[in-house]
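Report on one structure; see the data block that follows.
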Amino acid sequence: MAEENKFKEIESKWQDYWNKNPDLYSAKDNSDKPKKYVLVEFPYPSGSGLHIGHAFSFTGGDVYARFKRMQGNNVMFPMGWDAFGLPTENHAIKMKRRPQEVTKENTDNFREEMKKLAFSFDWSREVNTTDPDYYKWTQWIFIKLFEKGLAYKQEMPINWCPSCKIGLANEEVIDNKCERCGAEVSRRNISQWVVKITDYADRLIDGLKETDFIEKVKQAQINWIGRSQGARIKFQVKSLSSLSSVRKLEVFTTRADTLWGVTFMVISPEHPFVASLLKSKVIKLESLKAVEDYVNQARKKSDLERAELQKEKTGVFTGVYVVNPANGKEIPLYVADYVLMGYGTGVVMGVPAHDQRDWDFAKKYNLEVIPVIEDGGHDYVKEAMVSVDKGKMINSGFATGMEVKEAINKVNEWVEKEGIGERTNMYHLRDWIFSRQHYWGEPIPMIFCESCAKNQNLESRIKNQEENRKKINAGWYPVPEEQLPIKLPEVEAYEPTDTGESPLAKMTDWVKTTCPKCGGEAKRETDTMPNWAGSDWYFLRYCDPVNDTELASQEKIKYWMPVDVYVGGDEHNTLHLLYSRFIYNFLFDLEVVPTPEPYKIRMSHGVILGPDSQRMSKSRGNVVVPSVVADKYGVDVLRLYLMFMGPFDSTMVWNEKTVMGAKRFLDRFAQFIKIQFSIFNETVESSKEVKVIINKLVAGVTRDLESFGYNTAIAKLMEALHKFSKSNFQFSIEDIKTLIKLLAPLAPYTAEELWSQVRDKDDDDVSVHVAPWPRVEEKYLVEETVTMPVMVNGKVREQIVVDRSSIVDKKKIVKMAKEKEKIKKWLEECEILKEIYVPGKLVNFVVSTK
RNA sequence: GCCGCUGUGGUGAAAUUGGUAUACACGUACGUCUCAGAAGCGUAUGCCGAAAGGCGUGUGGGUUCAAGUCCCACUAGCGGCACCA
C-alpha cells in the first residue's frame, strides 16, 4: 500500500512539473537543431477512454520522440482528435445532446489520460477535425478537388439501414446486416459526390519507391490499387443495323495472345449496351424475354450473393453475334453476372481453354474450346489449362510458334496497328465515394442552383461529348472561399430522416442560400464528408495549427514535412494511408506541399490481444484498460511492459503475470541507482571493466531505439543491471547519470525522479528529458582480451582467451588452440585437412579420421 | 486462386545479418527470509545420457570449413486482395 502511494506521488509530482514547463516538449518552428517529425495516428475520442492499443501505439511513438529529443533534435510530436464520426452522433441522438458537447467531454478525458501516461506531446499544436477553423481547410481541399475536375456527382447505390434510417459505410455492414442494430441492409440509389482517386492510381503505386515503408505495407497498397497491364480490344457487333449507336463492343484483356482462343463473349447485365438492346427490340422475342428476366434477377441480387454463387456460372444468350478480330469468326454474345460492370469495360472475351471461369461457362452452355498454347495433351474435358505464361502458341494465325510473352507483345502491337484496340492499364481501385448522409461530419461546401443547371444542360447538349463530366456536375458551384467554413448548424436535437438524405436536409434555413453564379435562390449540399477527410491532411495542420489564411504556411510546411516516422496500426495500412497519400499528391500538384509523398517511414505496430488470445472486445469481457493497469503497477511499469512484450510490429497476447517482470526490473534499477549514489564519492572513477559494459550498453540501446527494437533495448538494460549487481563495482557520477538517461525514454517518471536526486544542481539540465543522450567512447567498445571458440569439424570443443593485440597472428592462435588438452584429444589419430581462423571470432579444424 | 509475412524451449521471445542457438522475461523446481503466507532475494531449468558424449531452430534436400540465417521443394499458420477478365 505504501509502495503504491509512492509511485503515484512521484507521478503526480512530475506530471505537475511537466505541465508547468510545456517548453520541455514543444517543437520550435525555427531551430539550429535538425528537425524530426514523429507522428502517431490521432485517435477518435470515444466515450470509453484510451484503450490498450492507444497506449501501445503512443508509447512506441513517445519513446522514439523522447530519444530523438535527447539526441539533440528539434522534435515535433503532436496530438489531436479525429472527432467526427458515428458513435458520437448516435450517442448524441440517443441522449438528445449536442455532439459538440460530447466531443468536448471525450477529448478532455483523453487528454488527461494521455498526460498521465507521460506522453510528451506538444499540446500547443493540438488540432481537432470538428473545429470549424480546422474543417474550413478540409472543405477548402474539397473545393480544389472540384475545381480540378476530380470531384463529380453520380448516382450510386448506398447501404441503407431501414431501422437506423441512415446510410452506412461498407465497413459498417457485416454479413449484409447493420453493424449496430443488426437489421438487414438494403440498397438505395442516391446521388453522391465521388472523388477521382483513380486518376492518381499510377502515382500512388510508383510513389511507394520514394518511401521506406515495410514491404507488407507497400504490398497492401499495391494490392488494393490492383493494376493490371493489358489492352482494350474492339469486337464488331454483327448485323444490327438498327442499333446505329453501338457497332463495337470493347473488352479488356491481359492476355491478348489468347485472342484466337476466343469462342464467345460475355457482357455484364448492367452494361448500357444490354439496356439499349432491350429497348431496340432487334433481337428475337424469346431471347429478349430471357435477357430481360436475367437482367432483372441480377439487379435483385446483392453483390454478396453474386460473389457467393461463384461455382455456378449463369447467363443467357442474347441472340447477337460479334466478330473475333483475329480470325473473323462469328461468336455468340452472352449476358452473365460473373462479369462486373465496375471493372474493365464490363465486357469479357471468353477463352475457355485457358481461363477456368470461361471454361465453366463454356461447359454449361456447350461452347467451343480452342487451345492456343501448347498443352502437352491437356484434357480439356476436366478443366481449363490455366496460368500458362510459358510455351509456344498454336492455332493462332501469325502468332503461331511464338513464345507466350512474345505473342502478348506482338498481338498488342498488331491490335494497335490495325486500329482495333490499344494498350492500357486497369485498376481494382474505384473512385472514392465521398458523401455521407450524417450530421456529424464536415459539410460538403457545394451549392446547387436549379436554374443554372437547366441552362448548362442545354448548352452541353449543343457541345459534344467531351463535356460529359461537366454535365454531371451541372448546376453545382463551390461555396466561395471567403465564405468558408460552412459551419454545421447547431441544433439541440435532431433525428435522422426517412428519405436517405442527411439530417441537415431538414434544416431548411440552413439549406437555403444564394447561387454564387446567378445570385438566384439555391440549395446547399446536405451530405457531409467521410471520416477519412479530416484525417487526410491533419499532419499538415500540426505544422501551423492556428493559421487562418492558409491550411499551413508554406515556410512551416517546408521546414517540417515530410513526416519522418509515422506510427500507427495495421488496420490503417490500406485506406487511411492511401487516401492521405492521394490528397498529399494532389496538394503537391497545387504546389501547397514540397514533395509528393507525406511519410518517409511507416511503422505499423501489431495488435494486443486479450489474455484469452482473442481480440479485445466488450462482449468477450477480455478488455484490458491501460489506466487500470497504470493505477495498479504504475505508469512506467505499464510502458515498460508494453515495450518489452515482443517486437513492436507483431501481434501479442496480454499476460498480466509478465507485467511483474517489468515491475521487478524497475524497482531493482531504482534501488541500484540510489545505493550507488549514496556510496558515491568524488574520487571514484569507474573501472575500465565498468566503462566497457556501459559503453557497450549505450551503443546497443541507441541502436535498438533507433530501429524500434524496444524489447531488446530493455533486455540489454536488464542484462547490464544483473552484471552490476553481482559485483562490487564502483561508478563515477557520469556513469550513474548515463544509466538514468538510457532509461528515460522508456520510464520517464522513474528516470526523472532519479535524475532529480543525482543531478548537479548547477550544471545539469533540470529535466532528464532534455539532457543530452550519452555518447559512446569507441575505445571502450573493444575489450583487451577476446574469448574465442575452438571448433573441430564445426563443433565447439574448447575456448581460448587471447590478447586483443595478438588476434592478427594466425600462427600463434592456431598453435595455442592445438595445445589445449581437450583439443589435442580431438586431433589425435586425425589428419588436419584445413585450419580456419576468423580473426577475433573462432578457430576451426577440419579433420578426417585416418 | 494471387501477393506478402512467419514457423526457434512449457510460454513471450533473442541471435551483432553466414561464425559459441535459446540473451532477456514469464513459468516451474529447490533454497533463503518469515510464526506463517504474500512480496523479496539466490540457484537451476532445450532433449537423451550415470558420464563421456550425442541430438536439437516446421519437413526433405542443397551450397559452405561453418546454416535459425543463403538456395530449391514441401508443409502449417497469420495478414492483405479476390468471379478483377
Is [X] salt-bridged to [Y], going by a charged N under 4.0 Å from an acidic O?
{"X": "A:Lys218", "Y": "A:Glu215", "value": "no"}
{"X": "A:Arg232", "Y": "A:Glu250", "value": "yes"}
{"X": "A:Lys663", "Y": "A:Asp667", "value": "yes"}
{"X": "A:Lys632", "Y": "A:Glu656", "value": "yes"}
{"X": "A:Arg255", "Y": "A:Asp355", "value": "no"}

For [X] and [N], give me the distance from atom [atom1] to atom [atom2], rounded to whole Å.
{"X": "A:Leu429", "N": "B:rG80", "atom1": "CG", "atom2": "P", "value": "18 Å"}
{"X": "A:Met652", "N": "B:rA14", "atom1": "CE", "atom2": "P", "value": "10 Å"}
{"X": "A:Lys841", "N": "B:rU17", "atom1": "NZ", "atom2": "C1'", "value": "11 Å"}
{"X": "A:Phe213", "N": "B:rG79", "atom1": "CZ", "atom2": "P", "value": "23 Å"}
{"X": "A:Asn793", "N": "B:rC65", "atom1": "CG", "atom2": "P", "value": "12 Å"}
{"X": "A:Leu577", "N": "B:rG80", "atom1": "CG", "atom2": "P", "value": "15 Å"}
{"X": "A:His605", "N": "B:rC5", "atom1": "NE2", "atom2": "P", "value": "21 Å"}
{"X": "A:Leu721", "N": "B:rC41", "atom1": "CG", "atom2": "P", "value": "11 Å"}

So what does [X] touch, heavy atoms closer than 4.0 Å: a base, only the sugar-phosphate, or nothing?
{"X": "A:Asn711", "value": "sugar-phosphate"}
{"X": "A:Arg232", "value": "nothing"}
{"X": "A:Val838", "value": "base"}
{"X": "A:Arg227", "value": "nothing"}
{"X": "A:Val846", "value": "sugar-phosphate"}
{"X": "A:Lys822", "value": "nothing"}
{"X": "A:Met349", "value": "nothing"}
{"X": "A:Ser228", "value": "sugar-phosphate"}

Taking OP1 and OP2 of [N], is either one under 4.0 Å from a side-chain nitrogen or oxygen of [X]?
{"X": "A:His428", "N": "B:rG80", "value": "no"}
{"X": "A:Lys834", "N": "B:rC65", "value": "yes"}
{"X": "A:Thr712", "N": "B:rA15", "value": "no"}
{"X": "A:Arg668", "N": "B:rG40", "value": "no"}

Mate of [N] where both pairing distances stay under 3.5 Å, Watson-Crick or G-U:
{"N": "B:rU57", "result": "none"}
{"N": "B:rU43", "result": "B:rA29"}
{"N": "B:rG1", "result": "B:rC81"}
{"N": "B:rC35", "result": "none"}
{"N": "B:rC70", "result": "B:rG62"}
{"N": "B:rA76", "result": "B:rU6"}

Side chain of [X]: nearest nucleotide among [options]?
{"X": "A:Phe252", "options": "B:rC83, B:rA85, B:rC26", "answer": "B:rA85"}
{"X": "A:Ile836", "options": "B:rC65, B:rC41, B:rA13", "answer": "B:rC65"}
{"X": "A:Arg664", "options": "B:rG19, B:rU20, B:rG40", "answer": "B:rG40"}
{"X": "A:Thr658", "options": "B:rC24, B:rC26, B:rG80", "answer": "B:rC26"}
{"X": "A:Met660", "options": "B:rG40, B:rU20, B:rC24", "answer": "B:rG40"}
{"X": "A:Gln799", "options": "B:rU20, B:rG54, B:rA13", "answer": "B:rU20"}
{"X": "A:Asn844", "options": "B:rA13, B:rG19, B:rU20", "answer": "B:rG19"}
{"X": "A:Glu719", "options": "B:rA14, B:rA85, B:rC24", "answer": "B:rC24"}
{"X": "A:Tyr343", "options": "B:rC26, B:rU20, B:rA85", "answer": "B:rA85"}
{"X": "A:Leu842", "options": "B:rU20, B:rC83, B:rG19", "answer": "B:rG19"}

Q) When you check the glycosidic angle of B:rG7, does it come out syn, meaning within 90° of 0, or anti? A)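 Chi for B:rG7 falls in the anti range.
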Q) B:rU45: syn or anti, with syn meaning chi within 90° of zero? A)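 Here B:rU45 takes the anti form, which means its glycosidic angle is more than 90° from 0.
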**Q.** Cationic tip of A:Arg227 above A:Tyr427 ring, under 6.0 Å, 45° of axis
**A.**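 No - A:Arg227 does not lie over the ring of A:Tyr427 by the 6.0 Å and 45° rule.
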Q) So, is the end of the A:Lys313 side chain (NZ or CZ) under 6.0 Å from the ring centre of A:Phe361 and within 45° of the ring's axis? A)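 Here A:Lys313 fails the 6.0 Å and 45° test against A:Phe361.
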Q. Does the base of B:rC24 carry an N or O that pairs as donor and acceptor with the side chain of A:Lys716 under 3.5 Å?
A.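 Not at all, since no donor on one side and acceptor on the other fall under 3.5 Å apart.
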**Q.** Which residue lies more 5' along RNA chain B, comparing A:Lys825 with A:Met791 via nearest heavy atoms
**A.**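 Closest to the 5' end, via its nearest nucleotide, is A:Met791.
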Q. Starting at the 5' end of RNA chain B, which residue's closest nucleotide do you reach first, A:Gly646 or A:Trp826?
A.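 With A:Gly646 and A:Trp826 compared, the 5'-side residue is A:Gly646.
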Q: Answer yes or no: is there a donor N or O on one side and an acceptor on the other, between the side chain of A:Ser727 and the main chain of A:Phe724, under 3.5 Å?
A: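 Checking the backbone N and O of A:Phe724 against the side chain of A:Ser727, no donor-acceptor pair under 3.5 Å is found.
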Q: Report the distance from atom CD1 of A:Ile694 to atom CD of A:Glu777, rounding to the nearest 0.5 Å.
A: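 One gets 10.5 Å once the value is rounded to the nearest 0.5 Å.
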Q) Taking the P atom of each, how far is B:rC72 from B:rU6, in whole Å? A)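 Each nucleotide's P atom is 15 Å from the other's.
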